[in-house]
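Below: the structure, in structure tokens.
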Amino acid sequence: MTAWDGTAVLAFAASLALVFIGATTAWSLADRIAANDARLGRAVRRWAAWSCGLASSGLLLVLFRWQMTPFFGRRIWFILWAITVAIMAGGALIQRVQAARPLRNSSLPNA
């Protein structure tokens, strides 16, 4: 008997596996995806690296929880993982908003 049974766990693990495969593919093909735009290539590599890391850690946590590992199978690890995902999403949103704003520099003369 495992700690988790049912299709919800399999669907969650499958979605994490798809994210991991997609992120790995995007990371390896970033130069081809954004052949003419270096900024887009850096963004693809950055997002793919974070997605790959989070998906792999999520898959490990699903495995540990599913196989009832005494220490790593505890619910606190999933809560910490979810908090990490939420913090990263908030940080990405803040970074995107700050990048959209024009840079203000008081030392430059008004043009």
* Asked: Taking atom CG of Leu16 and atom CD1 of Ile21, what is their separation to the nearest 0.5 Å?
  ->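 It comes to 11.0 Å.
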
* Measure the spacing between CZ of Arg45 and CG of Leu40 and express it to the nearest 0.5 Å. =>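 Nearest 0.5 Å value for the CZ-CG distance: 9.5 Å.
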
Least distance between heavy atoms, [X] atom then [Y] atom:
X	Y	answer
Ala55	Val19	CB-CG1, 3.9 Å
Leu54	Trp81	O-NE1, 3.2 Å
Ala23	Cys52	CB-N, 3.7 Å

Spell out, yes or no, whether [X] and [Y] are grouped together once hydrophobic residues are joined by side-chain heavy atoms under 4.5 Å, including indirect joins.
X	Y	answer
Ile33	Trp50	no
Met88	Leu59	yes
Val85	Leu80	yes
Ile76	Phe12	yes
Phe20	Leu18	no

* Asked: Within a radius of less than 6.0 Å around CH2 of Trp47, do more than 12 heavy atoms belonging to other residues, nucleotides or ligands occur?
  -> no

